[in-house]
Amino acid sequence: MDKLRTVRGVHDTLPEVLDKHNKVIDKGLKISNQYCYSQIETPIFEFSEIFIKPLGKSSDIVTKENYIFKDRSDDELMLRPEGTSGVVRAFLNAGLIQEVPQRFSYFGPMFRYERPQKGRLRQFKQFGIECLGLSNPMADVEVISVGYDYLQELGLINSLTLKINTLGDEESRLNYRKVLIEYLNDYKSNLSEDSVKRLSQNPLRILDSKNQNDQKILIKAPNILDYLNQESKDRFEKVTEGLEALGIDYYIDKNLVRGLDYYCHTAFEFITEKLGAQGTVLAGGRYDGLSKMLGGPDIPGVGWAAGVERLSLMVESDFSNKPDVVLLGVSEEYNTSLLYIMKSLVKSGLKVEIFYTGSMSKKFKRANKINASFAIILGEEEIKNKVIKLKNLFSGSEELIRLETAIETIKNFSNN
RNA sequence: GCGGGUGUAGCUCAGUUGGUUAGAGCGCGGGUUUGUGGUACCUGAGGUCGCCGGUUCGAAGCCGGUCACUCGCCCCA
């Protein structure tokens, strides 16, 4: 039995759960399509630089969560840990910079070698959108708005809150970084071990430390919003004004920083209390530098990604695969005829299941169990008279009628 | 990668201070009903007690390791 298991953090998805995933994805495709985002699909692995350069060499995703391997041509490849880099690479590759803006949606599996938890898997699905070629702050608002509508459509918006922040442009960030380091250096001996490490590598990430002592120190830390240059400040104001104009509630979390190098300006997260430690359900931001990091021209972009499994955990399921009609023969010798009948029913658009084995009693019990509405019964009498017996499983009434008549009856019923 | 919890039948769980053939409910199979269901009753199958090792006359229960899940940290969707 032991060898039959899946590898750690990688799960089978059984029909009932997969149905939820698909609904989550379908809603995303539908909403984003209305906003004229077109679906794109990119490979689940790429040359590893495609991810390493934009995400940052020191990022956790690259240093300890990567699935990097060499193929038989000795190329260093990486299973994708996120979708944005691949989409931008594909966009550049296809020469679509001639026609900006471009709006894309995508979904598919991502891979991160992390310690599994509820809502955190090593193979998980993301649905995301990317808007490329627009530096206008209204594009940020548009993208957040698509996310908002999406979560609303899923019926989840009331259990979520939107946090936003700005990381500013490069100049603002460098200025802020300098004062932050100066401030934190005074408390270096009191900071958590992780934060001391980050002080030299990626000081901004100290801001979202959950360590209580770190938090205390951070209360009086300089605020990034005070170190934005005029341009970055104006930009952020336009974004928040835009959200207000659309009636999208948000709160500014000055400590919200994204872990990936490619982010700048707007960063946002929709979070919930309902999933424990993995509360981020949809998150993204602006990544104007990404295209250049990949070796392309300077193309601005904004986007977000949503965790399909996490959203599914919050979504109600009404999965069923119940047939409109079940077919059962008095004995096994009628199964061939039933298969023939099945074809006509399927062609009429009905869902059908045949019960091949068991006694009549067993077959009816099974029909009840799966909640079928009708049964078509075939036996000696029916064959002789070239009819079928149609039984309404709710009322219990039966009639001997022609197959065509039965199809009409069933169709009328299931259309109501 | 770090720390805590859990691991008995397909599912939810009992299993008394270590002591014969490890239990229940639900579900599953067969039957009461050889052309008729949802109820009821009868009956059957299914467990190397996560895995490996140790302690013991004897381990599902104690000890060590390991694997998986879970909660938190880290990080993120």
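Each chain gets a letter, A, B and so on, in the order the sequences are listed, and its residues count up from 1.
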Quick one: label [X] by what it contacts on the DNA or RNA (base, sugar-phosphate, nothing), any heavy atom closer than 4.0 Å.
X      : answer
A:I61  : nothing
A:A367 : nothing
A:G284 : nothing
A:I370 : nothing
A:G329 : nothing
A:G119 : base
A:R120 : base
A:E398 : base
A:V330 : base

Please list each protein N or O that sits under 3.5 Å from an N or O in nucleotides 30-33 of chain B, with the distance.
none

Quick one: are [X] and [Y] in side-chain contact, heavy atoms under 4.5 Å?
X      : Y      : answer
A:E76  : A:F47  : no
A:I376 : A:I410 : yes
A:M110 : A:P81  : no

Kindly list each side-chain donor-acceptor pair under 3.5 angstrom involving residues 265-282 of chain A, sequence neighbours excluded, with atom names and distances?
| residue | atom | partner | partner atom | Å |
| --- | --- | --- | --- | --- |
| A:T266 | OG1 | A:D140 | OD2 | 2.6 |
| A:E269 | OE2 | A:R258 | NH2 | 2.8 |
| A:T272 | OG1 | A:S159 | O | 3.2 |
| A:T272 | OG1 | A:K274 | N | 3.0 |
| A:Q278 | OE1 | A:Q117 | NE2 | 3.1 |

Select from A:E381 and A:F124 the residue whose nearest nucleotide in RNA chain B is closer to the 5' end of that strand. A:E381
Comparing nearest nucleotides in RNA chain B, the 5'-proximal residue of the pair A:L378, A:K125 is A:L378
Can you say whether the rings of A:Y227 and A:Y176 are parallel (under 30°), tilted (30 to 60°) or perpendicular (over 60°)?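 Ring orientation, 0 to 90° scale: tilted.
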Go ahead and name the base partner of [N]; Watson-Crick or wobble counts if both distances stay under 3.5 Å, otherwise write none.
N     : result
B:U34 : none
B:A45 : none
B:G72 : B:C2
B:G7  : B:C67

Taking [atom1] from [X] and [atom2] from [N], how many angstroms apart are they, rounded to a whole number?
X      : N     : atom1 : atom2 : value
A:L207 : B:C74 : CG    : P     : 13 Å
A:D60  : B:A77 : CG    : P     : 12 Å
A:I377 : B:U36 : CD1   : P     : 10 Å
A:Q117 : B:C73 : CD    : C1'   : 8 Å
A:F394 : B:U36 : CZ    : C1'   : 16 Å
A:R122 : B:C67 : CZ    : C1'   : 12 Å
A:E114 : B:C2  : CD    : C1'   : 14 Å
A:Q126 : B:C76 : CD    : C1'   : 9 Å

Taking [M] as the reference, what is the distance to [N] when you measure between their [atom1] atoms (whole Å, please)?
N     : M     : atom1 : value
B:A59 : B:C41 : C1'   : 40 Å
B:U56 : B:G18 : C1'   : 9 Å
B:A45 : B:G10 : P     : 15 Å
B:G1  : B:C57 : C1'   : 45 Å

From the options B:U36, B:G72, B:A77, select the nucleotide whose nearest atom is closest to the side chain of A:M360.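 Taking heavy atoms from C-beta onward, the closest nucleotide is B:U36.
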Got a list of side-chain donor-acceptor pairs under 3.5 Å for residues 355-364 of chain A, not counting sequence neighbours?
| residue | atom | partner | partner atom | Å |
| --- | --- | --- | --- | --- |
| A:S359 | OG | A:K362 | N | 3.2 |
| A:K363 | NZ | A:G329 | O | 2.8 |

[X] atom [atom1]: more than 12 heavy-atom contacts under 6.0 Å:
X      : atom1 : result
A:E380 : CD    : no
A:E41  : CD    : no
A:K178 : NZ    : no

When you check the phosphate oxygens OP1 and OP2 of [N], does a side-chain N or O of [X] lie under 4.0 Å from one of them?
X      : N     : answer
A:H11  : B:A68 : no
A:Q278 : B:A77 : no
A:R8   : B:A68 : yes

Aromatic-base stack, A:F364 on B:G38, cutoff 5.5 Å, angle under 30: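 Whether judged by distance or by angle, A:F364 falls short somewhere, so it does not stack on the base of B:G38.
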For residues 45-55 of chain A, which residue pairs qualify under salt bridge (charged side-chain N to carboxylate O under 4.0 Å, His left out), counting only residues two or more places apart or in two chains?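 Pairs touching residues 45-55 of chain A that pass the test: A:E46-A:R89.
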Can you list the residues that meet the salt bridge (charged side-chain N to carboxylate O under 4.0 Å, His left out) rule with [X], with sequence neighbours excluded?
X      : result
A:D253 : A:K163
A:R402 : A:E404
A:K351 : none

Is it the case that B:C69 (base atoms only) and A:R115 (side chain only) share a donor and an acceptor within less than 3.5 Å, ignoring hydrogens and angles? no
On the side chain of A:E65, is there an atom forming a donor-acceptor pair with the base of B:G1 - under 3.5 Å, no angle test?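 For A:E65, whose side chain was compared with the base of B:G1, there is no donor-acceptor pair (under 3.5 Å).
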Interface with RNA chain B, restricted to [range] and to heavy atoms under 4.0 Å:
range                       : result
residues 334-346 of chain A : none
residues 17-25 of chain A   : none
residues 384-393 of chain A : A:K389, A:K391, A:L393

Tell me if a side-chain donor or acceptor on A:S232 pairs with a main-chain N or O of A:L228 at a distance below 3.5 Å. no
Residue pairs fulfilling ring pair (Phe, Tyr, Trp, His ring centres under 6.0 Å) with at least one residue in residues 332-352 of chain A, sequence neighbours excluded: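 Qualifying pairs: none.
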Output yes when A:D226 and A:K254 qualify as a salt bridge under the 4.0 Å nitrogen-oxygen rule, no when they do not.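 No, A:D226 and A:K254 are not salt-bridged.
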Output side-chain donor-acceptor pairs under 3.5 Å for residues 141-157 of chain A, partner residues at least two apart or in another chain, one line each.
| residue | atom | partner | partner atom | Å |
| --- | --- | --- | --- | --- |
| A:E142 | OE1 | A:R103 | NH2 | 3.1 |
| A:E142 | OE2 | A:Y37 | OH | 2.6 |
| A:E142 | OE2 | A:R103 | NE | 2.7 |
| A:D149 | OD2 | A:Y35 | OH | 2.4 |
| A:Y150 | OH | A:V24 | O | 2.8 |
| A:E153 | OE2 | A:K30 | NZ | 3.0 |

